[in-house]
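Report on one structure; see the data block that follows.
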Amino acid sequence: MDSVLIIGGTRFIGRHTVSEFREHGYSVSIFNRGHHENPFAADSAVDHIKGDRTDDSALTRAQTAVNPDVVVDCTAYHPHDVEQATSIFDEAAAYVYISSGAAYGKEVVPKREDETPLCPCTPAQARDETGDTYGNRKAAGDRAVFEAAADGVRAMSVRPPIVFGPHDYTGRFDYWIDRVTRFDELLVPHTKLRQLVYVRDVASAIRTIAESGDAGNAYNVGTHTIPTLDEWLELIATAADTSVSSIFVDHHRLAAAGLAPDAFPLYRARPHVLSTAKLESLGWNATSPADAVAETVAHVTATGIDRDVGPDYSKTKSVIESLTG
């Protein structure tokens, strides 16, 4: 396989996926509407095809122009998007859909690709645009992948949990980098174990699946070891050459201060752990959390925070003072 078309390709996961395939000798084309700055505009080795992925004719033009060996679908948020793409690119050597760990419909530990049920998805949910139905829609996209594979398309999916790393426009991990590098005591809600994944690992997983995955299969991707939230903060502090104290607090104390635990990025009320054994069987390996955090902290320190999320420190400081005297 020599060529890849990435639907999306300029923001976060797609941006790193472009770099991953380029570093491994592929010719790369990106297909999107051009609404965001193209970081590869000056790179003659990365072609840009402008178009709306919801427009069948635009996707067909991209297929004709590139005739890609691999298609990576970063922007399929509705099951129809997957159905459309797997039909248009049915002769590609590989189609990889970026699904989500949110597609799982049962809270078990760990969640396994071939055992844990997926979320249901009603016709109304399949058309919805809100975050409330995100997992339902991603699960329906997975089922569309399986159906396409049954019809002979080499279609597969990758399921990441929350992704962090350079160029993360969500600001969820960056919130904690900002707080650790500015303050020595942080209010941390009691939270269940939550697996994360480094964005470069998602990109390498996508390439690994395209090259070695089996049609009709989904593959979880995530950290191999699973630090707790306070351990992530310690990793950030080490990378930033500082120190931090985590002040744990329950939801009752937060409520008294007008705060809710889910206002804090990376909070999770139930454990969320994905088995990565299936992906690792293809030869994929995760970056160590320490290295991933160090690279992320270096980037955020150099470029700043893309988005301000989470509670203001002024709101958390009063709770810290009440707990520490």
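What you see is a predicted model, and the numbers here were worked out from it, not measured in a lab.
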Any side-chain donor near an acceptor of the partner, [X] and [Y], under 3.5 Å:
X: His224; Y: Asn285; value: no
X: Thr133; Y: Asp128; value: yes
X: Asp142; Y: Tyr97; value: no
X: Asp312; Y: Ser314; value: no

| Do NZ/NE/NH1/NH2 and the carboxylate oxygens of Glu115 and Lys106 come within less than 4.0 Å? |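 So Glu115 does not pair with Lys106 through a salt bridge.
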| message | Taking Lys278 first and then Glu113, would you say they form a salt bridge - that is, a charged N and a carboxylate O separated by under 4.0 Å? | response |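 No, no charged N to carboxylate O under 4.0 Å.
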Where do [X] and [Y] come nearest, in terms of heavy atoms and distance?
X: Ile49; Y: Ala65; answer: CD1-CB, 4.2 Å
X: Ala102; Y: Tyr134; answer: CB-CD2, 4.0 Å
X: Asn67; Y: Ser3; answer: O-OG, 3.9 Å
X: Leu59; Y: Arg53; answer: CD1-O, 3.5 Å
X: Ser99; Y: Pro160; answer: O-CD, 3.4 Å
X: Gly171; Y: Val309; answer: O-CG2, 3.2 Å

| request: Check the surroundings of atom CD in Glu91: do more than 12 heavy atoms from other residues, nucleotides or ligands lie under 6.0 Å from it? | output: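 Result for CD/Glu91: open.
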Would you call [X] and [Y] a side-chain contact if the rule is heavy atoms closer than 4.5 Å?
X: Pro166; Y: Arg200; result: yes
X: Val163; Y: Asp168; result: no
X: Ser245; Y: Asp184; result: no
X: Tyr95; Y: Pro68; result: no
X: Gln195; Y: Asn220; result: no
X: Val300; Y: Phe173; result: no
X: Leu254; Y: Phe264; result: yes
X: Leu196; Y: Arg194; result: yes

How long is the straight-line distance from [atom2] of [Y] back to [atom1] of [X], given to the nearest 0.5 Å?
X: Leu5; Y: Asp73; atom1: CG; atom2: CG; result: 9.0 Å
X: Ile209; Y: Arg154; atom1: CD1; atom2: CZ; result: 10.0 Å
X: Leu186; Y: Asp230; atom1: CG; atom2: CG; result: 11.0 Å
X: Thr276; Y: Leu282; atom1: OG1; atom2: CG; result: 11.0 Å
X: Ile226; Y: Leu193; atom1: CD1; atom2: CG; result: 5.5 Å
X: Phe146; Y: Asn217; atom1: CZ; atom2: CG; result: 7.5 Å

Mark yes or no for whether [X], through its side chain, and [Y], through its backbone, hold a donor-acceptor pair below 3.5 Å.
X: Asn32; Y: Gly8; result: yes
X: Asp52; Y: Arg33; result: no
X: Asp81; Y: His78; result: yes
X: Ser87; Y: Glu83; result: no
X: Arg159; Y: Ala218; result: no
X: Asp201; Y: Ala286; result: no
X: Lys138; Y: Tyr104; result: no
X: Arg207; Y: Ala203; result: no
X: Arg172; Y: Pro265; result: no
X: Asp69; Y: Asp2; result: yes

Same hydrophobic cluster for [X] and [Y], using side-chain heavy-atom links shorter than 4.5 Å among ILVMFWY?
X: Val46; Y: Ile206; answer: yes
X: Val4; Y: Ile13; answer: yes
X: Ile162; Y: Val109; answer: no
X: Val273; Y: Val221; answer: no
X: Leu187; Y: Leu266; answer: yes

| task | Could you give me the CA-CA distance, side-chain angles and deciding distance for Asp214 and Tyr219, then say whether side chain to side chain contact (heavy atoms under 4.5 Å, CB included) is met? | result | CA-CA 10 Å; Asp214 293 323; Tyr219 296 87; 3.8 Å; yes
| field | Proximity of His251 and His190 rings by center, below 6.0 Å | value |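 No: the rings miss the under 6.0 Å criterion.
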| request: Under the side chain to side chain contact (heavy atoms under 4.5 Å, CB included) rule, what do Leu233 and Ile236 come out as? Steps first, then yes or no, please. | output: CA-CA 5 Å; Leu233 302 189; Ile236 292 170; 4.3 Å; yes
| message | Between Phe164 and Trp232, does the ring-ring contact (aromatic ring centres under 6.0 Å, His included) criterion hold? Intermediate values first, please. | response | CA-CA 12 Å; Phe164 73 95; Trp232 283 112; 5.3 Å; yes
| query | Passes side chain to side chain contact (heavy atoms under 4.5 Å, CB included), Leu323 versus Arg253? Steps please. | reply | CA-CA 10 Å; Leu323 291 169; Arg253 180 80 67 165; 3.5 Å; yes
| Of the options Thr324, Thr316, Val188, which is the one that meets Ile247 in a side chain to side chain contact (heavy atoms under 4.5 Å, CB included)? |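 Only match with Ile247 under side chain to side chain contact (heavy atoms under 4.5 Å, CB included): Thr324.
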| Is Arg182 positioned over the aromatic face of Tyr313, cation under 6.0 angstrom from the ring centre and no more than 45 degrees off axis? |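 No cation-pi geometry.
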| message | Determine whether Arg268 and Glu107 satisfy the following criterion, salt bridge (charged side-chain N to carboxylate O under 4.0 Å, His left out), listing intermediate values before the conclusion. | response | CA-CA 12 Å; Arg268 176 85 171 158; Glu107 294 294 351; 3.0 Å; yes
| task | Apply side chain to side chain contact (heavy atoms under 4.5 Å, CB included) to the pair Val28 and Phe40, showing each step before the final yes or no. | result | CA-CA 10 Å; Val28 178; Phe40 306 104; over 6 Å; no
